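Owing to the predicted nature of the structure, the values given are computational and were not obtained by experimental measurement.
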Amino acid sequence: MALKLSLKPGEKFVVNGAVIVNGDRRATLVLQNKVSLLRDKDILLAEEVDTPVKHVYFPIMLMYMDEAGRKKYYEKFVLRMTELLGVVEDPEAKTLCVAISQDVMEGEYYKALNKCKKLFEYEKERLNYVPGSVPEDTAGN
């Protein structure tokens, strides 16, 4: 099944590890066979890995993009997912973690990445939470 990719001017994407940049006009590409493809918005750089969920996302992304290195990235994924599951208390987030792990074990890395993105919002809410703080709109101002 073909994949139609609409690109903005200057948009970057990665196909099977090759970084490609669109020219100065909108473009549409049709990919006729199965490839590992990530758009710029889905790519996480090593220096951006600064939260527990990003530590899970990053090795999944590398497994998806680098078939030769999958074993070492898988080991890193297992370590980081185990750490995350050890601190996550929310049942929905735990269920999502299990689903991500299952996708990874089945080699469905792109599906796992999409599910992992759902954890970013969960994590953002938890990291921004300060015990004892009162949201501005309820502080009686």
Side-chain angles (χ1 to χ4, degrees), residues 1-139 141:
M1 183 161 82
L3 171 67
K4 186 176 181 180
L5 186 63
S6 297
L7 301 166
K8 299 174 190 169
E11 185 175 357
K12 292 180 187 176
F13 60 103
V14 178
V15 177
N16 291 345
V19 178
I20 303 169
V21 181
N22 187 30
D24 59 357
R25 296 186 197 132
R26 291 185 79 62
T28 301
L29 299 175
V30 178
L31 303 169
Q32 296 291 335
N33 59 327
K34 186 176 178 173
V35 297
S36 294
L37 181 136
L38 286 178
R39 296 180 87 124
D40 194 25
K41 65 181 181 174
D42 299 323
I43 298 169
L44 187 63
L45 301 176
E47 56 269 15
E48 298 170 329
V49 179
D50 56 2
T51 69
V53 174
K54 288 179 183 178
H55 276 284
V56 169
Y57 184 94
F58 193 67
I60 298 170
M61 183 189 74
L62 294 175
M63 282 186 277
Y64 180 59
M65 299 307 297
D66 180 13
E67 188 174 340
R70 283 187 181 156
K71 184 178 179 184
K72 72 177 177 180
Y73 303 134
Y74 179 78
E75 291 169 3
K76 186 75 79 176
F77 162 76
V78 170
L79 172 67
R80 296 306 189 163
M81 181 57 85
T82 302
E83 292 171 350
L84 183 61
L85 279 167
V87 297
V88 170
E89 296 177 4
D90 181 77
E92 285 184 45
K94 278 191 182 255
T95 299
L96 198 49
C97 287
V98 170
I100 292 165
S101 296
Q102 186 165 358
D103 284 342
V104 168
M105 288 186 291
E106 294 172 358
E108 296 288 345
Y109 305 113
Y110 192 77
K111 285 182 183 179
L113 289 172
N114 283 328
K115 288 176 183 163
C116 202
K117 283 187 204 175
K118 294 176 183 177
L119 285 175
F120 287 150
E121 190 60 36
Y122 165 81
E123 179 180 58
K124 183 179 178 183
E125 290 172 9
R126 298 308 180 272
L127 290 177
N128 288 333
Y129 174 72
V130 178
S133 68
V134 179
E136 286 183 36
D137 59 337
T138 62
N141 295 335

Can you confirm if the aromatic rings of Tyr57 and Phe120 lie within a centre distance of less than 6.0 Å?
yes
Value rounded to 0.5 Å, distance of CG in Leu3 from NZ in Lys34:
12.0 Å
For the residue pair Gly10 and Val21, what are the closest heavy atoms and their distance?
O-CG1, 3.7 Å
Pair Arg70, Asp66 - check salt bridge (charged side-chain N to carboxylate O under 4.0 Å, His left out), show working.
CA-CA 6 Å; Arg70 283 187 181 156; Asp66 180 13; over 6 Å; no
Leu5 side chain reached by Val30 side chain, heavy atoms, under 4.5 Å:
no
Using every non-hydrogen atom in the two residues, find where Asp42 and Met61 come nearest and quote the distance to one decimal.
O-SD, 4.0 Å
In the structure I gave you, are the side-chain heavy atoms of Tyr110 and Ser36 within less than 4.5 Å of one another anywhere?
no
Flag yes if more than 12 heavy atoms outside Glu89 fall under 6.0 Å of its CD atom; otherwise flag no.
no
The reported gap from CG in Asp90 to CD in Glu125 (rounded to nearest 0.5 angstrom) is 9.0 Å
Report yes if the side chains of Leu119 and Glu121 come closer than 4.5 Å at any heavy-atom pair, otherwise no.
no
Side-chain touch Asn22/Lys8, heavy atoms, less than 4.5 angstrom
no
List the atom of Leu29, the atom of Phe13, and the distance in Å for their closest heavy-atom pair.
CD1-CZ, 3.5 Å
Check whether any side-chain heavy atom of Ile20 lies under 4.5 Å from a side-chain heavy atom of Val14, and answer yes or no.
no
Measuring from atom CD of Gln102 to atom CD of Glu108, what distance do you get when rounded to the nearest 0.5 angstrom?
10.5 Å
Between CE of Met63 and NZ of Lys76, what distance do you get to the nearest 0.5 Å?
12.0 Å
Are side-chain N/O atoms of Asp103 and Tyr109 paired as donor and acceptor at under 3.5 Å?
no
Which atom names give the shortest non-hydrogen contact between Ser6 and Glu11, and what distance separates them?
O-OE1, 4.0 Å
Got Val98 and Leu96 here, is their nearest side-chain heavy-atom distance under 4.5 Å?
no
More than 12 heavy atoms of other residues, nucleotides or ligands under 6.0 Å from NZ of Lys94: is that the case?
yes
Return the NZ to OG1 distance between Lys115 and Thr95, rounded to the nearest 0.5 Å.
11.5 Å
Sub-4.5 Å side-chain heavy-atom contact between Phe58 and Glu48:
no
Please check if the number of heavy atoms outside Glu83 that lie under 6.0 Å from its CD is greater than 12.
yes
Measure the shortest side-chain to side-chain distance between Lys54 and Leu44 over non-hydrogen atoms and say whether it is less than 4.5 angstrom.
yes
All heavy atoms of Val35 vs all of Tyr64, minimum pair found to be O-OH, 3.7 Å
From Met81 atom CE to Cys116 atom SG, the distance as rounded to the nearest 0.5 Å
6.0 Å
